[in-house]
Amino acid sequence: MKIRTRYAPSPTGRMHVGNLRTALYEYLIARHENGEFILRIEDTDQERFVEGALEIIYNTLAKTGIDYDEGPDNPGDCGPYVQSERVAAGIYMEYALKLIEKGEAYYCFCDKERLDSLRTTVAGKEIMVYDKHCLNLPKEEIEANLAAGKPFVIRQNTPNEGTTTFVDDIYGAITVENSELDDMVLIKSDGYPTYNFANVVDDHLMGITHVVRGNEYLSSTPKYIRLYEAFGWEPPVFVHLPLITDEEHHKLSKRSGHSSFEDLVEQGFLPDAIVNYVSLLGWSPEGNEEIFSLKQLIENFDYRRVNKSPAVFDMAKLRWMNGEYVKVQDFEEYKKYAMPYILKAFNAEAPAEDGSVTTEDGVVLSAESVKKILELMKTRIEIFPDIPEKIDFFNRLPEYDTAMYTHKKMKTDSAISYEILKEILPVLETHNDYSLDSLHELIMDFIAKKGVKNGVVLWPLRTAVSGKQNTPGGAFEIMEILGKDESLRRIRTGIEMLEKAM
RNA sequence: GGUCCUAUGGUCAAGCGGUCAAGACACCGCCCUUUCACGGCGGUAACCCGGGUUCGAUUCCCGGUAGGAUCACCA
């Protein structure tokens, strides 16, 4: 039997990582076995519908590379793929009526007040169990109510006795007392089906073989089973996924802020890294490898290795993983992502026509220099917004304390730095080739002649040209990027500062 | 509160009766090195508790405890 899974989001906003993980696993389960994966939009709640949410779903799927065989914009044989359109086609009402005929469902005319009177609050939580009040309404009364246009709802008729058992592929057999099961609403008073009902009807009609979803649905699954039984349908395989939680071990919700795919992208994470990280939340491969492309995930994803316990979403590990992706990113691709943040460091809108960027100190950094900065950053960031803070000293020489010239391990202090800087300044002034290699040769030669440790010269130099305790790259790299004039200017500034401090 | 689920280091997570209890992130050292980062090497750190079953339990069973989920005309 060919596996068919579906991702069935409701367009209510951004896609949080729990939903993304569900979509991903549904996709992987199908693709791993050459099955089919379809997209169905569950928009049965008109009130929660958010404008643009549909686009977010399409965009997210596109960015992550999760492609579907059938969907609203790519219909197959069991359309429509949007539930509101299926409502218009009368599909759900037709099936609800079938259930009424079989005595598996019934009209309910209870108003809000009566329903509210059934509510109780337990441990701060409101719970409600319907009392089957309308189950045995006389036929005439039902007809009369219907004829009078009285608002109604259709409820499932679940027995109060016995138990319902189903087998989840991850969690095993789960049994629930039928008395625990509520007579849930199938068709709402606005004529729309509830999620529960539409889900069962559509999954059956669309030939879904594996229902994959978060385990918050685990306890309501027996209700679904009853529905399948009421229809006389074969239930699908159920695969419930462990929850993804925040640091406080609570289910991730849209409210917890920075937890949607889009938020993460805005924070500078790469879609591939997000997918990779999320795939490891609740599943593990056979070996020790952790970096997987979507293609590799398809190859390796055996859903029987999905585990049962909830997983905390760890931003630190996501950051690390993103860094791994940045490091191996193709340079041009990397540049696309990194450039905006480089420009941000220089408070610039865009590079000049020749690719150069001008610092706020008025120094023109050539296109080559900009490229060198990009190269320097590639192994030093985890996410792109890390960039500006690391290279701000190129833009402006920061105010710094001369205490920075003292470094025990480098065997240098203010006095030594002053001497060294004064001594090397003329050497640098007469030198014109500020390329890395040339500078390296020149300065190493100077060091050799003086017979001192590298750090004695290099530390003061780097401090002077950067004004920072630590920098990406060293004195040579920085001077190459800054160029002769600015390098000398900064060194002279350093000398002045040291002079004053003495 | 009822019901359901879960329980290995701070986090992710191997393990599926006999292991010195993998690996990754984070953290801490060391090496490389002009600082930072990368890279390399090493380290700290875990089987929730109590009963069984068994020659032997992290692993199987039961109970407890803890955490979570769920109990809508939301999905």
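Worth knowing before you read on, the calculation uses all heavy atoms, side chains too, and leaves out hydrogens, waters and symmetry mates. Chain identifiers are assigned alphabetically (A, B, ...) following the order of the sequence lines, protein sequences preceding nucleic acid strands; residue numbering begins at 1 within each chain. Everything numeric here is computed off the predicted structure, so don't read it as measured data.
Between the CD atom of A:Glu290 and the P atom of B:U11 there is a distance of 16 Å, rounded to whole Å. Computed from coordinates, the A:Met404 CE to B:U34 P distance equals 19 Å when rounded to whole Å. Atom-to-atom, CZ of A:Arg305 to C1' of B:C12 comes out at 14 Å; the value is rounded to the nearest Å. Regarding A:Tyr92, its OH atom lies at a distance of 16 Å from the C1' atom of B:C73, rounded to whole Å. Note: CG (A:Asn288) to C1' (B:C12) measures 13 Å, nearest angstrom.
Evaluation of the side-chain contact (heavy atoms from CB on, under 4.5 Å) rule for A:Phe49 yields A:Pro11, A:Glu51 as partners, not counting sequence neighbours. Scanning for side-chain contact (heavy atoms from CB on, under 4.5 Å) contacts around A:Glu441 gives an empty result, with sequence neighbours left out.
Neither OP1 nor OP2 of B:U34 sits under 4.0 Å from any side-chain N or O of A:Lys409. Taking 4.0 angstrom as the limit, A:Asn454 places a side-chain polar atom (N or O) nearer than this to OP1 or OP2 of B:U34.
For the C1' atoms, the distance linking B:C32 with B:G42 amounts to 15 Å, nearest Å.
Nucleic acid contact for A:Asn199: none, since no nucleic acid atom lies under 4.0 Å from a heavy atom of the residue. Backbone-only contact: A:Leu218 has heavy atoms under 4.0 Å from sugar-phosphate atoms and none from a base. Among the protein residues, A:Ser284 comes within range of the sugar-phosphate backbone only, with heavy atoms under 4.0 Å from sugar or phosphate atoms but none that close to a base. Nucleic acid contact for A:Ala316: sugar-phosphate only, since backbone atoms but no base atoms lie under 4.0 Å from a heavy atom of the residue.
Panel note: side chain A:Asp392, backbone A:Pro388; no donor-acceptor pair is recorded below 3.5 Å.
When distances are taken from the side chain of A:Trp320 to each of B:C73, B:C25, B:U6, the shortest belongs to B:C25.
Using Watson-Crick or G-U wobble geometry with both donor-acceptor distances under 3.5 Å, B:U33 finds no partner in any strand shown.
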